[in-house]
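Encoded as structure tokens, the structure appears first; notes follow it.
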Amino acid sequence: MVDFAKIEKKWQRRWYKEKIFDAKPDKKKKKYFMTVPYPYASGPLHIGHGRTYTVADVFVRYKKLTGHNVLFPIAWHVTGTPVLAVAQQIKNKDRKALDQYKYYIGYHESDKSKISKILKSFEEPENVMNYFSKTMINDFKLAGYAMDFSRQFTTTDKDYNKFIEWQFNHLNDKNYLTQGDFPLLYSIEDQNAVGTDDIKDGDTNAVEVSEFTTIKFRFKNEQNKYLVAATLRPETLFGLTNLWINPKEDYVNLKVGNEEWIVSKAAAEKLKYQKLTINAIEKVDVDDLIDKEVIAPITNKKVQVLPASFVDGSVGTGIVYSVPASAPFDFLGLRDLQRAGLYKSIRSVPIIKMDGYSDMPAKELSERNDIQEQTELESINNITKEIYAAEFHKGIMNKNCMDFEGMKVSEAKPIIIQRLLTDDNGFTFYETSRKAVTRANNNVIVAVLSGQWFLHYGNEKWKNDTRNTFKKIEVIPKRFRKLFDNAIDWLDKKPVARKRGLGTKLPFDKQWIIESLSDSTIYMALYTVINTIRENKLKPTQLTLEFWDYIFLGKSTTQKVSKNTGVSTKLLNSMKSEFEYWYPLDQRHTAIGHISNHLSMMIFNHEAIFGPKKAPKKITLNDMLIREGTKMSKSLGNVIPLAKVQDKYFIDLFRAYCIYAAELSSLLDWREQDVQALRSKINQFYELMEKVSKNKPKKKDTTWLESRFHTNLEKAQTHLENDNPRHYFQVMFYDMMNDVHYFIRRNNGSLDGIEKIAKEWITAVSPAIPHIAEELWEKFKGPGFVSTSTWPKFKKNKINKEIEEAEKTIQKTMSDINQILQITNKKSAKTIYIYVIPPELKKYKEAESFLSGIFNTKVQVFASNDENKIDPDNKASKAKFGKPGIYLN
RNA sequence: GCUGGAGUUCCAGAGCGGUCAAAUGGGCUGGACUUAAGAUCCAGUGGCUUAGUGCCUUCGCAGGUUCGAAUCCUGCCUCCAGCACCA
């Protein structure tokens with residue numbers, strides 16, 4: 001087997017040494033600006049990332065070959081919280097994290113002492129991102145991407161900050177930024193919002209903010225004193241029989257305004273963070289509450305407060321209202337009390353009817369599942385879920401539900417919530433969807449943050465402009481268009497800043513840091529000038545609003561801006577014209593998952609900042625990569641890092657597999673068996689071409705071969721123009737291979753003639769397998785690099801349909817003969833007689849010796865009207881155009 | 001649950017009202033060639049047949065429209081993605 005890794009390293013060295021992918025504006029050439037989102041630098045890249053970059057790279061290389069001046073830059077995304085979380089875990093000596101990152105570093109380092117030193121340095125978040133952005137460059141170079149590395153930056157660089165500040169000033173000027181309240185996950189101990197990465201098991205068992213509705217039950221005979229219960233199902237209020245309170249939990253009395261509320265102690269803590277002014281908190285004796293009577297809002301029903309052990313003070317308000325008809329816990333709680341002879345007079349009240357269940361589903365399912373004890377938590381939770389889902393989706397409110405009778409549960413619920421809120425009989429209480437703690441074991445609660453900044457994608461004008469602009473953007477594969485339409489419609493208020501994490505501060509409210517999706521919407525523009533900014537060492541203080549306004553929007557005059565910023569007019573003009581040269585973006589390629597956030601926000605923000613003329617022209621997408629039918633994941637240990645591909649396989653094999661093994665719109669399954677099959681195909685291609693390059697050819701008729709090449713070339717070209725790399729590769733590699741094999745066979749194994757198409761063919765496969773193409777290009781003495789050469793010119797006059805057709809009929813005849821041999825169970829015939837119609841005689845006569853070689857026997861061709869033919873079975877009469885009669889002796 | 005998307009023969013994936021047992025590529029099985037391996041070539045890859053054919057059953061499931069459906073309609077099932085502060 002050829003040592004492809006060696007070949008690849010050789011060409012990678014040369015490409016990047018000679019900087020053949022670094023782009024400069026060139027007015028004489030048509031430009032092509034392609035980007036893939038910059039990777040997040042908190043860990044190494046794997047082959048899943050690789051798929052996306054590879055697909056883009058194939059497009060890029062094709063554009064380059066077709067004479068475009070291509071810019072394909074890259075940068076590193078580090079804003080946000082994940083890097084912080086990584087550093088924190090390393091600092092905390094989290095076993096899993098330490099092992100994980102030790103392993104990651106091992107991708108690039110072999111020296112053990114160095115590894116632990118690097119690992120130690122990860123206690124500082126900056127070091128994590130510096131390390132990975134550095135190693136990612138290597139990963140990309142190992143993959144042979146035609147990237148311009150001269151324009152890289154990270155999203156915490158000072159000049160990047162200035163650029164983002166400029167963007168947000170404009171958004172603010174346009175009134176696209178608003179402020180308001182917002183609930184989010186929060187840790188009281190850390191005094192901070194917490195993200196998925198900060199929560200223990202947050203990645204595997206997601207925590208969300210759920211919206212409870214509290215209901216205030218007024219104590220009988222007391223004006224302003226309430227028991228406050230929290231529920232996810234306020235529509236069941238009509239089935240109320242009693243309230244539950246747990247005598248073993250701590251409860252407190254809160255003074256809120258002129259009211260007194262009783263809730264659990266834990267709930268009181270949480271309520272402090274939910275925009276509530278609490279004047280005083282006093283402990284209450286639970287025993288005093290048991291058996292008290294309270295009055296429900298809406299129904300005005302009087303019920304008693306009963307003790308229950310299943311009530312958890314740390315969930316909701318620690319007070320639960322009881323609906324034994326629908327809620328299994330309530331049913332069981334009441335049942336057990338009544339079995340003990342207590343509260344005998346309480347009767348369940350059915351409230352919802354639905355197909356497939358009785359009107360007391362809690363009783364029905366508890367009995368069906370034979371639940372004896374309130375402690376059988378798992379079963380009880382399961383049936384609770386079942387009933388909730390069934391009632392919500394299928395249930396109809398029954399006659400006990402006052403004016404809600406006949407309404408679907410799903411319709412009644414929001415109306416009831418609204419009524420409770422407007423009459424001040426309840427309020428919205430945010431709670432975590434499960435009990436959660438941070439990695440440092442601090443409780444996670446929900447806090448309502450005031451003054452949260454939002455980007456208001458719901459702004460009608462903005463939305464409409466964006467819709468209109470989107471109409472002109474091409475989306476490939478087409479079927480994803482609709483997803484964009486929906487996302488653009490649906491995006492409304494997007495929280496845009498947070499209190500922690502890395503990133504750019506909101507310029508007019510510096511306590512906020514711009515969140516990491518929102519600072520990644522128009523950065524492609526920065527690629528066009530960042531190299532100039534860096535080369536000329538412009539200081540952040542020079543990168544003023546005026547500076548960006550001039551370069552990107554053409555505002556003000558060169559002289560003025562130059563005077564105010566100290567940047568020379570020459571430099572200003574050169575940056576301005578470079579931006580105008582490259583922009584708009586010609587193509588954005590990324591994974592499907594980004595449609596509803598990143599990609600849609602990119603369109604919105606381009607619209608807001610640059611206007612419709614600078615909108616990206618095309619968005620192409622691909623699905624994810626899985627391995628042997630399973631998702632790749634850390635926990636399964638089946639992740640293949642991009643850095644290991646060259647050693648384990650070779651990069652061109654990976655590249656070819658990525659584009660050929662699945663359509664863009666579907667999952668790519670990395671299957672070892674198929675990969676190995678492709679490996680031998682590529683190997684074969686390489687060895688064949690190597691032989692051809694050493695062959696001293698004799699003159700050969702290559703009409704057919706050239707015709708096939710150009711037929712395939714035209715198809716391949718069309719596929720690439722239509723952004724279908726898979727079909728391109730199938731035609732240009734597989735189909736062409738088959739044709740070449742046939743050609744060789746037809747010439748009795750001689751390689752003569754193949755050299756005529758060799759260089760063109762090598763060029764045409766080079767976007768997919770550039771390293772191998774480069775090596776072969778050298779063997780065929782092509783000038784310079786194949787990567788910077790020219791896509792073969794499609795020559796229509798080389799296509800000779802007649803010859804191709806004639807060859808096809810001979811192939812068909814071969815297959816007919818084979819079939820007859822097969823059917824008659826003969827291994828061979830003594831003589832094969834072929835009777836063709838007179839116009840086909842010449843072609844078949846020429847093929848006589850070829851066929852005779854193939855079948856290893858005598859082959860005689862006659863014209864069907866030949867009087868001297870040998871034809872014992874009168875098969876000559878069967879001869880038709882393109883289908884001769886055949887007789888086997 | 002909501003919003004989208006998808007379910008075709010071993011795999012990937014064409015086909016989108018008749019020419020469809022269903023392109024193409026891959027895999028697998030058998031054969032030819034070869035000292036052997038690889039490559040190449042041939043055949044098979046739903047069932048039964050046949051001198052280069054013909055028939056039957058199939059395209060998630062169940063119905064419907066039609067002379068005729070993988071293709072159109074309805075319902076259902078299953079899978080995938082996104083669902084917002086998270087990159």
Side-chain angles (χ1 to χ4, degrees), chain A residues 1 37 39-42 77-83 182 184-185 193 195-197 202-203 206 208-209 389 392-393 410 449 452-455 457 477 479-487 489-498 501 515-518 520 591-598 600-601 623-624 626 629 660-663 665-669 671 673-674 676-678 680-681 683-684 687-688 726-727 729-731 733-735 737-738 741-742 744-745 749 812-828 854-856 873 875 878 883-888:
Chain A
M1 198 62 95
Y40 190 81
S42 67
H77 193 201
V78 294
T79 36
T81 52
V83 162
F182 193 72
L184 44 73
L185 300 175
T196 307
D197 300 301
D203 45 347
E208 288 155 39
V209 174
F392 185 77
H393 297 295
S410 54
L449 242 65
Q452 169 73 48
W453 286 93
F454 298 91
L455 254 181
Y457 291 114
R479 68 171 219 232
F480 294 116
R481 246 203 120 72
K482 207 145 180 157
L483 248 52
F484 277 95
D485 283 328
N486 285 332
D489 282 349
W490 161 82
L491 276 168
D492 188 22
K493 278 187 179 166
K494 159 87 187 161
V496 79
R498 27 165 57 209
E515 164 276 333
S516 53
L517 281 177
S518 302
S520 306
I592 293 164
H594 296 130
I595 292 174
S596 69
N597 46 51
H598 166 71
S600 297
M601 284 157 62
D623 207 331
M624 323 251 37
I626 57 173
Y660 120 96
E663 293 293 308
S665 60
S666 47
L667 281 175
L668 174 68
D669 194 356
R671 282 196 234 172
Q673 191 191 36
D674 292 2
Q676 293 309 334
L678 179 59
S680 75
K681 282 271 174 211
N683 195 59
Q684 193 187 319
E687 286 181 343
L688 171 74
R726 178 171 195 260
H727 287 171
F729 192 71
Q730 215 149 65
V731 169
F733 185 75
Y734 281 102
D735 291 358
M737 270 287 257
N738 288 340
H741 282 311
Y742 181 74
I744 294 170
R745 197 154 65 100
K812 182 78 174 67
T813 304
M814 279 160 57
S815 134
D816 283 349
I817 295 169
N818 267 318
Q819 209 157 77
I820 295 168
L821 283 171
Q822 177 101 0
I823 284 156
T824 53
N825 240 329
K826 284 179 196 155
K827 289 229 160 156
S828 63
I854 293 289
F855 292 103
N856 200 17
D873 213 7
K875 293 288 183 185
K878 284 206 166 186
K883 194 172 168 63
I886 297 162
Y887 177 70
L888 304 188

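Throughout, a chain's letter reflects where its sequence line sits, starting with A, and its residues are numbered from 1. Predicted model only: the values in this text are computed from it and were never measured.
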Looking across every strand, which nucleic acid part, if any, lies under 4.0 Å from A/Phe454 by heavy atom: base, sugar-phosphate, or nothing?
-> nothing
To the nearest 0.5 Å, tell me how far A/Ser665 OG sits from A/Ile592 CD1.
-> 6.5 Å
For B/C56 versus B/C20, give the span between their P atoms, rounded off to a whole number of Å.
-> 16 Å
Which part of the nucleic acid does A/His727 contact within heavy-atom distance under 4.0 Å: base, sugar-phosphate only, or nothing?
-> nothing
Measure the spacing between CG of A/Leu678 and CD of A/Gln684 and express it to the nearest 0.5 Å.
-> 11.0 Å
For A/Asp623 and for A/Gln684, locate the closest nucleotide of RNA chain B by heavy-atom distance; then report the residue assigned to the nucleotide nearer the 5' terminus.
-> A/Gln684
Could you measure between the two P atoms, the one in B/G52 and the one in B/U40, and give it in whole Å?
-> 31 Å
Name the closest nucleotide to the A/Asp674 side chain, picking from B/G25, B/G26, B/C86.
-> B/G26
Whole-angstrom distance between B/C76 and B/C67, as gauged at atom C1' = 29 Å
Examine the side chains of A/Ser518 and A/Glu515 and answer whether a donor and an acceptor come within less than 3.5 Å of each other.
-> yes
With P as the reference atom in both, quote the distance from B/C80 to B/A12 in angstrom, rounded to an integer.
-> 15 Å
Where does the angle between the aromatic ring planes of A/Phe729 and A/Tyr734 fall among parallel (under 30°), tilted (30 to 60°) and perpendicular (over 60°)?
-> perpendicular
So CD1 of A/Ile744 and OH of A/Tyr742: to nearest 0.5 Å the spacing works out to 13.0 Å
Looking across every strand, which nucleic acid part, if any, lies under 4.0 Å from A/Pro39 by heavy atom: base, sugar-phosphate, or nothing?
-> nothing
May I ask you to say what A/Arg671 touches in the nucleic acid, namely base, sugar-phosphate or nothing, with a heavy-atom cut-off under 4.0 Å?
-> sugar-phosphate
Is A/Lys493 touching bases, backbone alone, or none of the nucleic acid, heavy atoms closer than 4.0 Å?
-> base
Determine which bases of RNA chain B form Watson-Crick or G-U wobble pairs with both distances under 3.5 Å, and write the result as a 5' to 3' dot-bracket string with | for other-strand partners.
-> ((((((((.[[[..)..(.....]]]((((((.......))))))(((.....)))...[[[[[..)....]]]]])))))))....
Are A/Phe182 and A/Phe454 an aromatic pair by the rule of ring centers under 6.0 Å?
-> yes
Minimum side-chain heavy-atom gap A/His77-A/Pro37 below 4.5 Å | no
Base, sugar-phosphate, or nothing: which does A/Ile592 touch, judged by heavy atoms less than 4.0 Å apart?
-> nothing
So what does A/Ser666 touch, heavy atoms closer than 4.0 Å: a base, only the sugar-phosphate, or nothing?
-> sugar-phosphate
C1' gap between B/A84 and B/A21, integer Å | 48 Å
Looking only at atom P, what distance separates B/G26 and B/G75, rounded to whole Å?
-> 42 Å
Using the P atom on both, measure B/G64 against B/U58 and round to a whole Å.
-> 15 Å
If you measure from the C1' atom in B/C28 to the same atom in B/C11, how many Å do you get, rounded?
-> 11 Å
Tell me what A/Asn597 touches on the nucleic acid: a base, only sugar-phosphate, or nothing, going by heavy atoms under 4.0 Å.
-> base
For A/Met624, does the CE atom sit with more than 12 other heavy atoms under 6.0 Å from it, leaving out its own atoms?
-> no
